[in-house]
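Sharing a structure below in structure tokens format, with a few things to ask.
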Amino acid sequence: MRSGHQKGVMHVRDLPLPAPVLDHYESLGIEELYPPQAEAVEAGVVDGDRVVAAIPTASGKTLVAELAMLTADGPGLYICPLRALAREKYESFSALPGVSVGISTGDYDSPADELADHDIVVATSEKVDSAIRNGADWVSDLACVVVDEVHLLGAEGRGPTLEVTLANLQRRAPGVQIVALSATVDNPEDIADWLDADLVESTWRPVDLRTGVYADGSVEFNDGTDLSVGVGEGEDGEIPDGEDDETEATVALVDDAVNGVGGQCLAFVRSRREAEALAQRLAHERLGSEEADAVADDLTAVDDTTTGQRLADCVRDGVAFHHAGLRSTHRAVVETAFRNRKLAVICATPTLAAGVNVPARRVVVRDQQRYTGSQMEYLPVLEVHQMCGRAGRPHLDPYGEAVLVGDESSKAELDERYVDADPEAVESKLRDRNALRTHVLSIVATGFADSRETVLDVLGATFYAHRTPVAELSGIVDTVITELVGMEMLTDSGSGTLAATDLGAQVSKQYVAPETGARIVAGLRRAVEMRDESVTGLTVLQLVADTPDMQDTYLGNRERAAMYQFARAHDAEFTVGMNDAEEFERWLETVKTARILHEWTEGESMETIVENYRIGPGDLESRVERTEWLLGAADALATLLDLDVPEVGRVRSRL
DNA sequence: ACAATATGGGTGTAGACAGCATGTC
DNA sequence: CTACACCCATATTGT
């Protein structure tokens with residue numbers, strides 16, 4: 001786009017920044033702006049202008065964000081999609097001299113009354129949405145909003161939240177400077193148009209990246225270079241018959257990267273189990289060190305789970321695995337150790353592709369397809385590109401290498417689909433009924449609208465509306481309004497005036513889905529009827545487990561019979577019994593979730609639960625976290641409707 | 001006779017945001 | 001409509 005008119009090199013010291021900040025950058029060795037950064041400055045990032053920058057990760061996005069917020073005439077907000085990313089940015093912004101930084105995420109929060117006093121606030125998009133719903137006034141004082149990973153606008157579920165939040169933010173703080181940072185996508189101009197911003201588009205990276213497909217012992221990179229890899233030239237010198245080709249190719253590629261050029265390597269596979277299996281296979285290559293031993297000790301200090309133990313064992317040999325079944329502390333230890341070069345390899349599921357910064361010399365994408373219930377599907381191009389984009393460590397590598405593992409028959413397809421292909425376009429997912437139900441409720445509850453017309457008017461400021469006439473939403477909006485009225489969350493005066501009921505307002509503030517709110521209310525009412533002894537901890541846990549805001553827990557065939565027995569034995573305790581369950585299988589899963597949580601509140605150890613129910617420590621952790629949240633919402637709704645179910649508070653305190 | 005290996009059926013499969021009020025090192 | 005790695009039980013083959 002603008003790369004044609006670079007006017008030589010731009011220097012940091014020429015930017016309108018406070019002297020201490022300039023000194024700070026200088027001490028970090030940041031003197032000249034990278035080309036995409038210079039383009040962002042030319043586009044007006046430091047002049048309060050709106051800019052959308054579609055540039056690769058690690059091409060200096062953080063500095064662009066800092067420049068925007070530091071030069072803005074008032075407080076800045078930095079929005080990102082993950083709590084771990086929020087922490088990372090909070091720490092790097094905090095290093096800026098004379099800048100006070102706050103953070104607001106679900107798990108970690110600066111005190112709310114201080115939030116207004118910070119120069120920069122870092123938050124997740126849901127937290128910002130929540131702040132708007134709860135009428136936080138610091139929102140309207142913002143002079144600058146930086147949105148990281150704005151391409152997530154296209155994500156199902158969370159994308160609609162982001163676009164509605166950005167639409168509402170502009171309503172609350174008219175004329176704010178918006179700087180949106182996107183991965184390279186097919187239609188960044190649509191995002192820029194929507195936000196009324198200038199577009200900066202670049203593929204420039206501080207470290208070059210070459211990408212290629214491995215087939216039959218060699219890789220052909222897209223820069224014309226080749227790499228041949230001796231498969232099976234490991235310690236034992238030969239490939240045992242029947243060994244999986246792709247895994248052995250991956251091992252050879254990893255070995256070559258680590259031993260050949262002294263680099264670190266990331267390997268992406270499709271499932272948790274395969275991530276662990278590959279890590280164990282690679283551990284035989286003995287890539288460990290004394291530093292790795294220390295990391296392993298940190299890991300075992302966290303808990304006594306077998307997962308932690310297996311992880312530590314691999315780590316002693318310099319290899320880690322990484323997936324969502326790991327506890328967040330385990331994940332963080334692995335990420336930090338890798339960044340500090342104490343680990344040679346991480347074998348990961350796609351979690352790592354979109355997470356915190358973990359650059360490697362080489363990235364090997366062993367699996368490009370994923371299980372989706374009954375069939376295999378190719379991963380989105382954007383996701384594979386994000387994995388590949390982790391290749392190339394600034395100041396360490398002359399270039400990064402990304403290798404997709406294929407074979408003779410798949411090579412052409414992989415080249416065409418990923419190496420030579422552009423990523424998908426970002427498309428709004430706001431049309432989704434569940435998303436709309438949540439947001440229509442919050443739009444009315446916040447007072448942004450009081451009729452179907454004004455609801456549509458508010459939605460007119462979304463990304464969806466920029467590409468599709470909002471009128472096309474009116475049918476779904478009508479349906480959703482009817483549903484919300486039926487749930488007693490909205491009232492329709494008849495003359496077209498909509499208002500949120502106390503219940504609707506509370507549901508919106510608690511940030512649960514309307515359906516979750518409705519189910520909780522129905523469950524609480526039932527519990528009050530049940531009165532006495534049959535209401536137990538299990539009752540309220542199953543109640544919150546059986547809402548769309550709790551994730552499913554897989555119920556294996558082997559444990560189904562035992563779970564059925566358990567459910568039958570405790571049937572009288574459930575607000576929805578087994579005979580009233582709409583979908584029995586799903587209901588039985590909620591019983592499993594509740595049973596696990598119940599054991600947890602009864603003081604059972606994580607190790608035992610994780611073994612008995614075949615779930616990862618991270619899965620337990622995240623369910624406990626959600627339960628705290630949902631029980632909090634249940635408590636608030638019980639108070640509002642005067643439904644006295646003491647077990648809610650009792651279980652809550654035991655968590 | 002008994003162990004190593006082959007065959008077959010069954011199973012399970014990525015990820016992760018949000019409220020709120022105390023208590024604690 | 002489409003996979004596939006792993007686990008386990010049982011069948012088959014080898015010495």
Side-chain angles (χ1 to χ4, degrees), chain A residues 79-86 104-109 111-112 123-134 152 155-162 165 241-244 246-247 268-278 281 322-326 328 331 348-355 366-380 383 387 438 442 506-513 516-517 544 547-552 554-560 614-616 618-619 621-623 625-637 639 649 652-653 655:
Chain A
I79 304 178
C80 67
L82 299 172
R83 300 193 293 210
L85 280 176
S104 183
T105 69
D107 61 340
Y108 190 70
D109 232 333
T124 53
S125 34
E126 284 74 11
K127 194 69 182 192
V128 177
D129 186 20
S130 168
I132 292 172
R133 293 189 194 189
N134 287 287
L152 285 174
E156 242 160 274
R158 302 187 63 195
T161 306
L162 184 56
T165 299
D241 273 350
E243 281 285 346
D244 174 20
E246 291 178 342
T247 297
F268 287 100
V269 296
R270 84 187 110 209
S271 72
R272 296 175 178 186
R273 204 169 53 186
E274 287 173 54
E276 297 192 18
L278 181 60
R281 168 67 186 83
H322 188 287
H323 56 65
L326 297 186
S328 47
R331 278 194 261 178
T349 56
T351 6
L352 205 59
R366 196 196 68 181
D367 303 330
Q368 302 88 28
Q369 291 182 305
R370 173 196 299 157
Y371 309 103
T372 51
S374 56
Q375 73 195 51
M376 295 292 277
E377 258 172 30
Y378 276 105
L379 299 176
E383 206 168 309
M387 294 177 185
T438 297
S442 92
Q506 191 58 235
V507 163
S508 177
K509 286 180 98 169
Q510 293 296 319
Y511 212 81
V512 295
T516 295
V544 296
T547 62
D549 278 314
M550 177 67 81
Q551 73 260 68
D552 306 339
Y554 187 81
L555 181 62
N557 272 325
R558 280 192 288 278
E559 50 185 345
R560 176 169 283 105
R614 312 159 63 86
I615 60 172
D619 299 315
E621 201 173 62
S622 72
R623 275 160 187 76
E625 211 172 70
R626 279 195 197 209
T627 305
E628 287 172 17
W629 163 50
L630 290 170
L631 283 178
D635 222 355
L637 294 174
T639 308
R652 241 186 117 185
S653 62
L655 281 166

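Lettering of chains follows the sequences in order, A, B, ..., and the numbering in each one begins at 1. Just so it is clear, the model here is predicted, and its values are computed rather than measured.
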For the atom pair CZ (Arg281(A)) and CD (Glu274(A)), what is the distance rounded to the nearest 0.5 Å?
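Arg281(A) CZ to Glu274(A) CD: 15.0 Å, rounded to 0.5 Å.
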Any Glu246(A) side-chain heavy atom under 4.5 Å of Arg366(A) side chain
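Of all side-chain heavy-atom pairs linking Arg366(A) with Glu246(A), at least one is under 4.5 Å.
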Pairs under 3.5 angstrom, nitrogen or oxygen only, protein versus nucleotides 23-25 of chain B, please.
none

Separation of Leu162(A) CG from Thr124(A) OG1 (nearest 0.5 Å):
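Separation between the atoms: 11.0 Å.
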Give DNA chain C the dot-bracket treatment, 5' to 3': Watson-Crick (N1-N3 with N6-O4 or O6-N4) or G-U (N1-O2, O6-N3) under 3.5 Å, [ ] crossing, | other strand.
..|||||||||||||
Does CZ in Arg560(A) sit with more than 12 non-hydrogen atoms of other residues, nucleotides or ligands closer than 6.0 Å?
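Yes - once you tally the heavy atoms of other residues, nucleotides and ligands closer than 6.0 Å, there are more than 12.
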If we only count heavy atoms from C-beta on, is the Lys127(A) to Thr105(A) side-chain gap below 4.5 Å?
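SC-SC contact between Lys127(A) and Thr105(A) ruled out.
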Would you compute the distance between atom CD of Gln510(A) and atom CG of Asp635(A) and round it to the nearest 0.5 angstrom?
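Nearest 0.5 Å value for the CD-CG distance: 9.0 Å.
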Output the distance between atom CG (Leu326(A)) and atom CD (Glu621(A)), rounded to the nearest 0.5 Å.
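The CG atom of Leu326(A) sits 10.0 Å away from the CD atom of Glu621(A).
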Using side-chain heavy atoms (C-beta onward) and a distance below 4.5 Å, is Phe268(A) in contact with Thr349(A)?
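Counting from C-beta outward, Phe268(A) and Thr349(A) never come under 4.5 Å.
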For Glu156(A) and dA16(B), what is the distance between atoms CD and C1' respectively, to the nearest whole Å?
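These atoms are roughly 15 Å apart.
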Would you call Asp552(A) and Arg623(A) a salt bridge, using N to O less than 4.0 angstrom?
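Between Arg623(A) and Asp552(A) there is no salt bridge, as every charged N stays at least 4.0 Å from the carboxylate O atoms.
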Nearest-Å distance, CG (Leu162(A)) to C1' (dA18(B))?
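Interatomic distance, CG of Leu162(A) to C1' of dA18(B): 15 Å.
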Do Arg270(A) and Tyr371(A) meet the cation-pi criteria used here (NZ or CZ under 6.0 Å from the six-membered ring centre, within 45° of the axis)?
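Arg270(A) over Tyr371(A) ring: yes.
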Suppose we define a pair by two distances each less than 3.5 Å, Watson-Crick or G-U wobble; what does dA18(B) pair with here?
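Looking at the geometry, dA18(B) pairs with no nucleotide.
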Interatomic distance at C1', dA14(B) relative to dC7(C), whole Å
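Rounded to whole Å, the distance is 22 Å.
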Tell me: CG of Leu82(A) to C1' of dA18(B), nearest whole Å?
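For the pair Leu82(A) CG and dA18(B) C1', the rounded distance is 14 Å.
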Atom pairs under 3.5 Å: protein N/O with N/O of nucleotides 19-21 of chain B:
unit_1	atom_1	unit_2	atom_2	d
dG19(B)	OP1	Ser130(A)	OG	2.6
dG19(B)	OP2	Lys127(A)	NZ	2.9
dG19(B)	O6	Trp629(A)	N	3.3
dG19(B)	N1	Glu628(A)	O	3.1
dG19(B)	N2	Arg652(A)	NE	3.4
dG19(B)	N2	Arg652(A)	NH2	2.0

In chain order, what residues pass the side chain to side chain donor-acceptor pair (under 3.5 Å) check against Glu625(A), with sequence neighbours excluded?
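Applying side chain to side chain donor-acceptor pair (under 3.5 Å) to Glu625(A) gives Arg83(A).
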Take the protein atom CD of Gln368(A) and the nucleotide atom C1' of dC4(C), then report the distance between them rounded to whole Å.
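After rounding, the reported distance stands at 15 Å.
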To the nearest Å, give me how far apart CG (Leu352(A)) and C1' (dA16(B)) are.
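For the pair Leu352(A) CG and dA16(B) C1', the rounded distance is 15 Å.
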Where do N or O atoms of nucleotides 5-7 of chain B meet protein N or O atoms at under 3.5 Å, pair by pair?
none

Nearest-Å distance, CD (Gln551(A)) to P (dC17(B))?
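Taking CD of Gln551(A) and P of dC17(B), I get 11 Å after rounding.
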For nucleotides 12-15 of chain B, list the nitrogen or oxygen atoms of the protein found under 3.5 Å from its nitrogen or oxygen atoms, one pair per line.
unit_1	atom_1	unit_2	atom_2	d
dG12(B)	OP2	Tyr554(A)	OH	3.3
dG12(B)	OP2	Asn557(A)	N	3.1
dA14(B)	OP1	Arg272(A)	N	2.8
dA14(B)	N6	Arg370(A)	NH1	3.3
dA14(B)	N1	Arg370(A)	NH1	2.9
dG15(B)	OP1	Ala324(A)	N	2.5
dG15(B)	OP1	Thr349(A)	OG1	3.0
dG15(B)	OP2	Arg272(A)	NE	2.8
dG15(B)	OP2	Arg272(A)	NH2	3.0

Look at atom OH of Tyr378(A) and say whether more than 12 heavy atoms of other residues, nucleotides or ligands are closer to it than 6.0 Å.
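It does: Tyr378(A) OH has more than 12 such atoms within range.
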Establish, with yes or no, whether the OP1 or OP2 oxygen of dC17(B) is under 4.0 angstrom from a side-chain nitrogen or oxygen of Arg83(A).
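The answer is yes; a side-chain N or O of Arg83(A) sits under 4.0 Å from OP1 or OP2.
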Separation of Arg652(A) CZ from Leu655(A) CG (nearest 0.5 Å):
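Result: 9.5 Å between the selected atoms.
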Drop me the distance from Lys509(A)'s NZ to Ser442(A)'s OG, to the nearest 0.5 angstrom.
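With rounding to 0.5 Å, NZ (Lys509(A)) is 13.0 Å from OG (Ser442(A)).
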Asp619(A) (side chain) donor-acceptor with Ile615(A) (main chain) under 3.5 angstrom
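Not confirmed, Asp619(A) side chain does not pair with Ile615(A) backbone.
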Tell me the interatomic distance from Arg626(A), atom CZ, to dC17(B), atom P, rounded to whole angstroms.
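Result: 9 Å.
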Any side-chain donor-acceptor pair under 3.5 Å between Asp129(A) and Thr161(A)?
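Distance-only check fails for Asp129(A) and Thr161(A).
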